[in-house]
There are 2 protein chains.
Amino acid sequence: MSDEQSLGTVEVALSPLERFEEYLQSRGMRNTDQRRMLVEQVFSHHEHFDADTLIDKLPRKGQPGHVSRPTVYRTLNEFVDAGLLRKFELDGRAVYEHDYGYPQHDHLYCKQCQRLIEFQSAELIALRDAVARENSFRVTSHRLIITGICETCQRARRRTKRRVDLV
Amino acid sequence: MSDEQSLGTVEVALSPLERFEEYLQSRGMRNTDQRRMLVEQVFSHHEHFDADTLIDKLPRKGQPGHVSRPTVYRTLNEFVDAGLLRKFELDGRAVYEHDYGYPQHDHLYCKQCQRLIEFQSAELIALRDAVARENSFRVTSHRLIITGICETCQRARRRTKRRVDLV
DNA sequence: ATCATTGCAAAAGATTTGCAAGGTC
DNA sequence: GACCTTGCAAATCTTTTGCAATGAT
């Protein structure tokens, strides 16, 4: 019953910004314009993104609200530490997704259009824990990525193939 | 059942070197000393490795059998194309493992000692295919990494903790 | 006032590439 | 001999870091 693009949210007491401010306070870190700007931008859409995509969405150098590249990287790491974001690697670069207030899930990755499709599976968690138990392994987390071709791209590909065959 | 370090091998007609030579021929590529050296080195041990580890095991610059860094990278990519190796990302760098003649498996990754422990799970494959079917997704491959602390490191940690507690 | 944070420029680490010289078919 | 491959140096890409100036508490 889960939609591909939105697996629903979990009840949370605080907004991401509030949660982050709490984190900053607890560590004696400061609540700056840049950090607020980035929380806002990052949590305004529920998509997977990388550092460059995020930087592209921010105001350019000189414009108000601009944040420098090093600060973006630094702050993304803070978001991960604070439990706001989860980070993983795809094709050699870091990809981020919402973690705070968002349920555990895994991904189908279309190597044609680079789209990530989310899915949830309780059986996967059970399987993971069973494997861990057999190996006396203490699980912290896991990451499953199923790579292939999504429905849309399969259709496009078939169409192209047919066209090519006819020529 | 399966040993952690060796999941057994699959019946294959050709040795990795023979298979690679076939691949080279079929593509009009050449059978060079460097390529032969690297096939030999890579398939002499069944361990996960990265480019640097491999380079460290090769003769140094000046010694016979030395292969330059760019050629190592180029050749590793060829091995992946040829189906000899599988490549994945771990902590931001590429890790390789035998693919040709070796059964499909997944990994437990100890973040303490960086060791990769292999396991096989038919249920995982079934689960993967079921999820793909539900999403009309055509699977090419998948990668599951379960991160945590291995048995050995758990023991070491407990010992350390106890020691610390006593001081 | 103190001390964290920012932005800049530069560094770092992993991997790739242009090109001339050398090797394979 | 044709042309693929190698090694070198340099480039690339992504991410990190040193440091002086700036800003938050």
Side-chain angles (χ1 to χ4, degrees), chain A residues 17 20-42 48-82 85 87-96 114, chain B residues 17 20-39 41-42 48-56 58-82 85 87-96 114:
Chain A
L17 179 57
F20 190 52
E21 287 175 339
E22 214 174 55
Y23 169 86
L24 292 175
Q25 282 229 329
S26 75
R27 300 235 184 169
M29 294 166 76
R30 286 163 190 185
N31 194 348
T32 65
D33 292 346
Q34 288 88 339
R35 283 176 178 149
R36 265 184 315 253
M37 183 74 191
L38 289 171
V39 175
E40 196 192 316
Q41 182 58 250
V42 162
H48 304 88
F49 65 94
D50 59 19
D52 261 316
T53 311
L54 174 56
I55 289 165
D56 283 350
K57 284 206 251 175
L58 294 167
R60 312 274 139 208
K61 195 186 297 194
Q63 308 305 314
H66 171 74
V67 182
S68 73
R69 180 172 289 273
T71 296
V72 168
Y73 276 100
R74 282 187 282 238
T75 308
L76 285 174
N77 288 334
E78 288 161 5
F79 287 171
V80 172
D81 283 353
L85 294 181
K87 174 185 187 172
F88 57 103
E89 313 267 344
L90 208 58
D91 296 332
R93 73 187 185 304
V95 176
Y96 298 87
Q114 270 82 264
Chain B
L17 180 57
F20 189 54
E21 286 175 339
E22 213 175 56
Y23 169 87
L24 292 175
Q25 282 228 329
S26 74
R27 301 236 183 168
M29 294 167 76
R30 284 162 190 186
N31 194 348
T32 64
D33 291 347
Q34 289 86 338
R35 283 174 177 151
R36 259 176 280 125
M37 183 74 192
L38 289 172
V39 175
Q41 182 58 250
V42 161
H48 303 89
F49 65 94
D50 59 20
D52 260 316
T53 311
L54 174 56
I55 289 165
D56 282 351
L58 294 167
R60 312 273 139 207
K61 194 187 298 194
Q63 308 304 316
H66 171 73
V67 181
S68 73
R69 180 173 290 272
T71 296
V72 169
Y73 277 100
R74 282 188 281 239
T75 308
L76 285 174
N77 287 335
E78 289 160 6
F79 288 171
V80 172
D81 283 353
L85 293 182
K87 174 184 186 171
F88 58 104
E89 312 268 342
L90 209 56
D91 296 331
R93 73 186 186 304
V95 176
Y96 298 87
Q114 271 80 265

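Computed from a prediction, not measured in an experiment: that's the story for all the values here. Any value given below was found using the heavy atoms of this structure, including those in side chains, with hydrogens, waters and symmetry copies removed. Here is the naming used below: chain letters follow the sequence lines, and residue numbers restart at 1 for every chain.
One interatomic measurement links the two molecules: CG of A:Asp91 to C1' of D:dC13, which rounds to 14 Å at whole-angstrom precision. Atom-to-atom, CD1 of A:Ile55 to P of D:dT16 comes out at 12 Å; the value is rounded to the nearest Å. One interatomic measurement links the two molecules: CZ of A:Arg69 to P of D:dT16, which rounds to 12 Å at whole-angstrom precision. Rounding to whole angstrom units, CE of residue A:Met37 and P of C:dT6 are separated by 14 Å. Separating the CG atom of A:Asn77 from the C1' atom of C:dA4 is a distance of 17 Å, rounded to the nearest angstrom. At whole-Å resolution of the value, NZ in A:Lys61 and C1' in C:dA9 are 10 Å apart. Between the C1' atom of C:dA4 and the CG atom of A:Leu24 lies a distance of 11 Å, rounded to the nearest Å. We find that CZ of A:Phe49 is positioned 15 Å from C1' of D:dT15, with the value rounded to whole Å.
Set against D:dG7, C:dT5, D:dT14, the side chain of A:Arg93 has D:dT14 as its closest nucleotide. Closest to the A:Pro70 side chain, of the nucleotides D:dG7, C:dC8, D:dT15, is C:dC8. With C:dT15, C:dC8, D:dT15 as the candidates, the nucleotide lying closest to the side chain of B:Ala94 is C:dT15. Of the candidate nucleotides D:dT15, C:dT5, C:dT15, C:dT5 has the atom nearest to the side chain of A:Met29. Distances were taken from every side-chain heavy atom of B:Thr71 (C-beta onward) to each of D:dT15, C:dA4, D:dG7; the shortest belongs to D:dG7. Of all nucleotides listed (C:dG18, D:dG18, C:dT24), C:dT24 comes nearest to the side chain of B:Thr32.
Looking at heavy-atom distances under 4.0 Å, A:Arg35 makes contact with sugar-phosphate atoms alone, never a base. Among the heavy atoms of the strands lying under 4.0 Å from A:Asn31 are primed sugar atoms or P, OP1, OP2 only; no base atom is included.
Residues B:Phe49 and B:Asp56 are not in side-chain contact: their nearest non-hydrogen atoms beyond the backbone lie 4.5 Å or more apart. The side-chain heavy atoms of A:Asn77 and A:Lys87, taken from C-beta on, include a pair separated by under 4.5 Å. For the pair A:Val42/A:Thr75, no side-chain contact is recorded, criterion being any heavy-atom separation below 4.5 Å from C-beta on.
Under 4.0 angstrom from either OP1 or OP2 of D:dG23 there lies no side-chain N or O belonging to A:Gln34. For the pair A:Tyr73 and D:dT16, the criterion of a side-chain N or O lying under 4.0 Å from OP1 or OP2 is not met.
For the atom pair CG of B:Asp33 and CG of B:Leu38, the computed distance is 11.0 Å after rounding to the nearest 0.5 Å.
In summary, the side chains of A:Asp50 and A:Thr53 do present a donor paired with an acceptor at a separation below 3.5 Å, with no hydrogens or angles considered.
Residue-to-nucleotide contacts include a donor-acceptor pair under 3.5 Å from the side chain of A:Arg30 to the base of C:dC3.
Projected onto DNA chain C by closest heavy-atom contact, B:Gly92 and B:Asp33 fall at different nucleotides, the more 5' of which corresponds to B:Gly92.
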